[in-house]
Amino acid sequence: MDTVVRFAPSPTGQVHIGNIRTAIFNWLFARHCGGRFLLRIEDTDLERSTRQAIDTLLQCMDWLALSFDGEIMYQTSQREAHINAANQMIAKGLAYAAPPPEGGLSPIFFRIPWDCRDFAAIRDVGPAELELHPETPVKIDFTGVSFSTVSKKGAPMPAAACLAGFRQMKLYDSKGNVVFELEKEIDGIIRDKQPFTLNSCVKMTFMRREIFYKDIIKGELSKPLDGIKDLIMVRSDGSPVFHLANVVDDVTQNVTHIIRGDDHVENTYRHIMLFYALGRKPPEYAHLPMIVNSSGKPYSKRDGDAFVGDFREKGFLAEALFNYLALLGWSPGDDREKMTKQEMIEAFTLERVKSAPAQLDSNKLLNMNGAYIAEMPFEKFVDYAGNYAGNFSKDVKFEQVARLMQSRVKQFGQVATWKYFFSDDFPVDEKVFKKQLASAEARAALGFLAGELNSRSELTKEWLHGIISKAEENFGIAHGKLFQPLRLTVSGAAGGAELDETIMLIGGSRCAARISRSLEIYQKEASPGE
RNA sequence: GUCCCUAUCGUCUAGAGGCCUAGGACACCGGGUUUUCAUCCCGGCAACGGGGGUUCGAAUCCCCCUGGGGAUGCCA
């Protein structure tokens, strides 16, 4: 059978970084196997799902080149199939309607099957024994069992689970007499909805069973049935719940591998039973570790930084973000990090995915983005940078500036700092400004340079180097030490491109004016009140 | 509370009982190239959470503890 995976987000707002990482892993896996990568939009939460959110999602996927196969499936369009599936399960005795707590309409529950012969994922663990709190009655009815165990301090600890969790259950009174045997009553309980309430029980014994499966990433996982409750499949308003819709859609789309976030591990046990109840073998599962923020906490929907759109706006390249995200929780096993999509596809296997949560390191992302920017074809770089340059991108020398800056840009948002090439109105680093102009010699040398720059119409590198050397000599400044103050007065920044070229691009007289202005400002601030 | 998952440098990771004196990358700190900035090159700092086992031998297997995460919804 061909491999089929799906990305099944619910469109309820921005696209989260963890979400898109799930899409990336699904995509990588599908392309590696030569399988199909489907997109299913789980829009059943009518309150929160919006068309805008769907558009945002599609844009993000398109931006990252996460191409999907076939048509998009909108979950709301499958409602009939969901309800049919529920009815089919009721007919087979695998589900039931239960009266809601305070009258009203009945939700439909899936019954964790008492008899699990057709459910290969369930097995016996062994006999179990529980100490019960005698003051809490044990209640047993067709929806399950509820009781209280005893905490270390002797307090009642309420617990409730499905009937199926308690095969061969026996209840004992304080004298050790068996007061109830579930096996003898189970038919009446399930068929006739006969309820039981047993008081003053102190002990319960039963055969513990568990549901298990092998997660491709996490290995074998299991959970005892006495820790699981029957689950609601259809709400009392008649709408299908996530679990039902999700599984039914996976069945209709013939999904073979479910790759999703760690937070679904617990749901998987129920989903597996739903697959069996629908007469299907469950697919393979792979649960991805979560991505956490720099303080080690999971990104909440409120973490503005974690939206794909934000990374795009700040000037991250889709290829870089893709590459970085792919490396969060996965590695090819050798020392490669910067990889092409094709290389990632070839190297990608779920077995190599880690199972511990990963922290997003913005430094590393930035570095990778810089590496991708550095190797962009120049024309593309200019084009891209133009989007972040505001109106000075229209300047004729924009391209020359871009040529100077490409190797320095790590994130296109930084293009905004190129402003000093085009306008006299640029921010100045105050702290560095004071430090660099503190020396009287430097200020005198700058004054001299301003004069020279003003008197010269044609600038060349040679002339600039000569004049700077001369200034250093004249005012007793160590070789190379005048560059910093000069750079600062001319550009306002401590770093930048080659100074000679920078000055030539800005223009001699303009630089001279900036130097003079800086000297004036420094004088004023150094001697206030004069 | 209960259940489940998880644990290697600050961060992402390599590591399947001897190849580990624990490797790579980012960040950081030095040095070189550039009279300045960035790139580039060289070097440095830096980790197996703690305690018990198993074994001739443990980062690797088991148990306990601790830390972190998740689940415990008529959300998805």
Side-chain angles (χ1 to χ4, degrees), chain A residues 8-12 42-45 47-49 75 100-101 104-109 149 151-153 155 157-161 215 218-219 221-224 226-229 231-243 245-246 260-269 287 289-290 292 294 296-298 324 327-338 352 354-368 370-371 374 404-410 465 468-469 472 478-488 491 493-502:
Chain A
S10 40
T12 55
E42 304 212 330
D43 53 352
T44 45
D45 187 342
E47 294 281 306
R48 297 193 296 147
S49 298
Q75 191 157 63
L105 295 165
S106 305
I108 297 173
F109 279 78
T149 55
S151 78
K152 281 172 196 159
K153 291 174 187 164
M157 302 275 299
D215 191 284
K218 295 172 117 44
L221 261 20
S222 64
K223 177 145 183 153
D226 52 302
I228 306 178
K229 287 190 230 176
L231 65 135
I232 291 174
M233 293 191 296
V234 181
R235 297 186 189 90
S236 44
D237 68 0
S239 63
V241 165
F242 159 71
H243 304 291
N246 192 262
R260 52 165 33 162
D262 230 349
D263 48 336
H264 282 294
V265 169
E266 300 271 329
N267 290 334
T268 303
Y269 301 112
H287 286 96
M290 308 298 268
V292 296
S294 52
K297 298 288 173 195
Y324 179 75
L327 255 23
L328 231 41
W330 174 80
S331 77
D334 46 41
D335 287 337
R336 284 180 297 168
E337 291 201 332
K338 191 162 172 296
R352 288 205 57 82
K354 290 241 308 178
S355 65
Q359 222 175 79
L360 187 131
D361 180 0
S362 48
N363 270 326
K364 189 151 183 166
L365 207 207
L366 206 55
N367 180 276
M368 183 163 281
L404 225 49
M405 300 305 275
Q406 180 166 5
S407 70
R408 282 157 245 264
V409 176
K410 299 230 177 270
H465 286 201
I468 292 170
S469 291
E472 286 171 339
H479 200 47
K481 294 293 181 204
L482 191 53
F483 276 77
Q484 293 272 1
L486 179 56
R487 176 186 292 285
L488 199 78
S491 74
E498 287 81 358
L499 229 205
D500 47 10
E501 298 196 51
T502 301

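Naming convention: chains lettered A, B, ... in sequence-line order (proteins, then strands); numbering from 1 in each chain.
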On a whole-Å scale, what distance lies between the [atom1] atoms belonging to [N] and [M]?
{"N": "B:rC41", "M": "B:rU34", "atom1": "C1'", "result": "13 Å"}
{"N": "B:rG49", "M": "B:rU6", "atom1": "C1'", "result": "13 Å"}
{"N": "B:rA46", "M": "B:rC5", "atom1": "C1'", "result": "29 Å"}
{"N": "B:rG50", "M": "B:rU11", "atom1": "P", "result": "15 Å"}
{"N": "B:rA22", "M": "B:rG10", "atom1": "P", "result": "15 Å"}
{"N": "B:rG73", "M": "B:rG57", "atom1": "P", "result": "49 Å"}
{"N": "B:rG67", "M": "B:rC74", "atom1": "C1'", "result": "36 Å"}
{"N": "B:rA27", "M": "B:rU33", "atom1": "P", "result": "22 Å"}

Watson-Crick or G-U counterpart of B:rC3, or none if no pair lies under 3.5 Å: B:rG70
Give none if B:rC56 has no partner; otherwise give the nucleotide forming a Watson-Crick or G-U wobble pair with it, both distances under 3.5 Å. B:rG18
Select base, sugar-phosphate, or nothing to describe what [X] touches, counting heavy atoms under 4.0 Å on all strands.
{"X": "A:Ile232", "value": "base"}
{"X": "A:Arg352", "value": "sugar-phosphate"}
{"X": "A:Leu328", "value": "sugar-phosphate"}
{"X": "A:Ala497", "value": "base"}
{"X": "A:Gly496", "value": "base"}
{"X": "A:Leu221", "value": "sugar-phosphate"}
{"X": "A:His264", "value": "base"}

In whole angstroms, how far is the [atom2] atom of [N] from the [atom1] atom of [X]?
{"X": "A:Trp330", "N": "B:rA14", "atom1": "CH2", "atom2": "P", "result": "11 Å"}
{"X": "A:Met233", "N": "B:rC75", "atom1": "CE", "atom2": "P", "result": "15 Å"}
{"X": "A:Asp262", "N": "B:rG69", "atom1": "CG", "atom2": "P", "result": "13 Å"}
{"X": "A:Arg260", "N": "B:rC5", "atom1": "CZ", "atom2": "C1'", "result": "15 Å"}
{"X": "A:Lys223", "N": "B:rU72", "atom1": "NZ", "atom2": "C1'", "result": "7 Å"}
{"X": "A:Asp237", "N": "B:rC74", "atom1": "CG", "atom2": "P", "result": "13 Å"}
{"X": "A:Glu266", "N": "B:rU2", "atom1": "CD", "atom2": "P", "result": "15 Å"}

Indicate yes or no for a side-chain donor-acceptor contact from [X] to the backbone of [Y] under 3.5 Å, with no hydrogens or angles considered.
{"X": "A:Arg352", "Y": "A:Ser331", "value": "yes"}
{"X": "A:Tyr269", "Y": "A:Ile228", "value": "no"}
{"X": "A:Arg487", "Y": "A:Ala497", "value": "yes"}
{"X": "A:Glu42", "Y": "A:Asn246", "value": "no"}

Per A:Ser407 side chain, nearest of listed nucleotides B:rA38, B:rU6, B:rC74: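 Ranking B:rA38, B:rU6, B:rC74 by closest atom to the A:Ser407 side chain puts B:rA38 first.
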Evaluate whether atom NZ of A:Lys481 has more than 12 neighbouring non-hydrogen atoms of other residues, nucleotides or ligands under 6.0 angstrom away.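 Not buried by this count: 12 neighbours or fewer within 6.0 Å.
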Could a donor-acceptor pair under 3.5 angstrom be found where the side chain of A:Ser236 meets the base of B:rC74?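 Looking at the base of B:rC74, it does pair with a donor or acceptor on the side chain of A:Ser236 (distance under 3.5 Å).
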What I want to check is whether an N or O donor and acceptor connect the side chain of A:Asn246 with the base of B:rA76 at under 3.5 Å.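 No pair found.
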Identify, between A:Lys229 and A:Glu498, the residue whose nearest nucleotide on RNA chain B lies closer to the 5' end.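 Comparing both residues, the 5'-ward one is A:Glu498.
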Of A:Gln359 and A:Val234, whose closest RNA chain B nucleotide lies nearer the 5' terminus? A:Gln359
Just wondering, do A:Ser10 and A:Gln75 contact through their side chains at under 4.5 Å, heavy atoms? no
Can you find a pair of side-chain heavy atoms, one from A:Phe109 and one from A:Met233, that are under 4.5 Å apart? no
A:Asp215 and A:His287 side chains, donor-acceptor separation under 3.5 Å: yes
Contact letters for nucleotides 16-35 of chain B, in which S counts primed atoms plus P, OP1 and OP2 and B counts the base, heavy atoms under 4.0 Å: -------BBBBS-------B
Do A:Arg235 and A:Asp237 meet the salt-bridge criterion of a basic N to acidic O distance under 4.0 Å?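 A salt bridge is absent here (no side-chain N lies under 4.0 Å from a carboxylate O).
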